[in-house]
Amino acid sequence: MGSTRKEPVIALAGNPNTGKSTLFNALTGLRQHTGNWPGKTVLQTKGSYIYKGRKYTLVDLPGTYSLLANSLEEQVARDFICFGGPDATIVVVDATCLERNLNLALQITEITAKVVVCVNLIDEARRKKLKIDREKLSCLLGVPVVTTAARGGEGLPQLLNLVDQVVKGEIRPQPRLVQYDPEVETAVAKLVPQVKAVLGDLVNARWLSLRLLEGDLTLIEAVEKLTGKNKHVPCGWC
Ligand SMILES: Nc1nc2c(ncn2[C@@H]2O[C@H](COP(=O)(O)OP(=O)(O)OP(=O)(O)O)[C@@H](O)[C@H]2O)c(=O)[nH]1
Ligand SMILES: [Mg+2]
């Protein structure tokens, strides 16, 4: 994939109600605008922030529990992460129900390694006497993890610093990928070279192979557009 844009684009993903918009507002302030995702009735919110003299664009994705494209929102979030070429993706998870939230985090790290996990609502977790072992979580996921309380601004400088480092390649996350049953892995191993032959680096070949095995029709459609005349899927950014 890779991007030639001067201004890095950061996607903000996460389950509903995890504080994505609170974080988005805290980072972008008044520098934001809304519209619809092209051809969809789903609201699109984009904004920008400056970090170390560099302008970053932030895209607040719809809250989703998965990226399996069961709803318009899931499709929008998936297509942006998959085809929109964000320079990094922040996955906002709820510190008070981490396990449920990590499902989406794992799905996203299957698509892209350029991920920072933001464990938000850490103040709520503290109140409930829950302790988050940030380093262990980071080690288990293979991506940087930061704890935040977006409503009070706690942890935001650390988050911006990690995002900046991932964008610049100073941190190269190495997500621990889910290993599936041998039958699935054998099929994936056969498909990956064929996907790469057609799409090159445009899409993560392992992830796409898994989805093709599932028979995900929305994705086949998206890939057809990608390989079509314009080699481009409207991602809302362009
Ligand atoms: N205590 C606490 N509350 C927070 C924090 N971040 C967000 N909230 C609250 O959590 C609620 C949901 O926040 P939103 O920012 O709307 O969540 P969202 O992820 O954008 O939700 P969707 O757009 O529906 O997916 C709001 O009432 C926020 O004020 C935080 O760090 N601590
Ligand atoms: Mg929101």
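First listed ligand is number 1; within each ligand, the first listed atom is number 1. The first residue in the sequence is number 1, and the count goes up from there.
Heavy-atom contacts of E124 reach the following atoms of ligand 1: 1 (N) (cutoff under 4.0 Å). Near G63, the atoms of ligand 1 lying under 4.0 angstrom from a non-hydrogen atom of the residue are 25 (O). Heavy-atom contacts of A149 reach the following atoms of ligand 1: 31 (O) (cutoff under 4.0 Å). Near P16, meaning under 4.0 Å from one of its heavy atoms, ligand 1 places the atoms 25 (O).
Closest non-hydrogen pair, N36 versus T41, comes out as ND2-CA, 3.8 Å. In terms of heavy atoms, V145 sits closest to L162 at O-CD1, 4.1 Å. A150 and A26 make their closest contact through O-CB, 4.3 Å (heavy atoms, listed as atom of the first residue, atom of the second, distance). Across every non-hydrogen atom of E7 and D87, the tightest pair is O-OD2, 4.4 Å. Residues F24 and G47 approach most closely at CZ-N, 3.4 Å, considering heavy atoms.
Residue S21 counts as close to the Mg ion (ligand 2), with an N, O or S atom under 2.8 Å.
Annotation for Q174: atom CD does not count as buried by contact number, only 12 or fewer foreign heavy atoms lying within 6.0 Å. Atom CD of E135 has 12 or fewer heavy atoms from other residues, nucleotides or ligands within 6.0 Å. Counting non-hydrogen atoms of other residues, nucleotides and ligands closer than 6.0 Å to NZ of K55 gives a total of 12 or fewer.
For the pair V119 and R134, the minimum side-chain heavy-atom distance is 4.5 Å or more.
Scanning A150, G152, G19, P62 for the heavy atom closest to atom 31 (O) of ligand 1 points to A150. For atom 15 (O) of ligand 1, the candidate residues are T22, L121, N15; the nearest heavy-atom contact is made by T22. For the residues T64, D123, N17, V92, the heavy atom positioned nearest atom 30 (C) of ligand 1 is part of D123. With distances taken over non-hydrogen atoms, the option nearest atom 16 (O) of ligand 1 out of A13, A95, S21 is S21.
Under the 4.0 angstrom criterion for non-hydrogen atoms, G14 is not in contact with ligand 1.
Shown here, atom 10 (O) of ligand 1 is out of close reach of the protein: none of its heavy atoms lies under 4.0 Å off.
Both the backbone and the side chain of R151 come within 4.0 Å of ligand 1, counting heavy atoms alone. Of all the heavy atoms of T18, the ones lying under 4.0 Å from any atom of ligand 1 are found in both the backbone and the side chain.
Nearest to atom 6 (N) of ligand 1 among the protein's heavy atoms is N120 ND2, 3.2 Å. Here the protein heavy atom with the shortest distance to atom 19 (O) of ligand 1 is K20 NZ, 2.7 Å.
Polar contact with ligand 1: absent for I122 (N/O pair, distance under 3.5 Å).
Between Y56 and Y51, the ring planes lie perpendicular to each other; the angle is over 60°, past the 30° to 60° tilted range.
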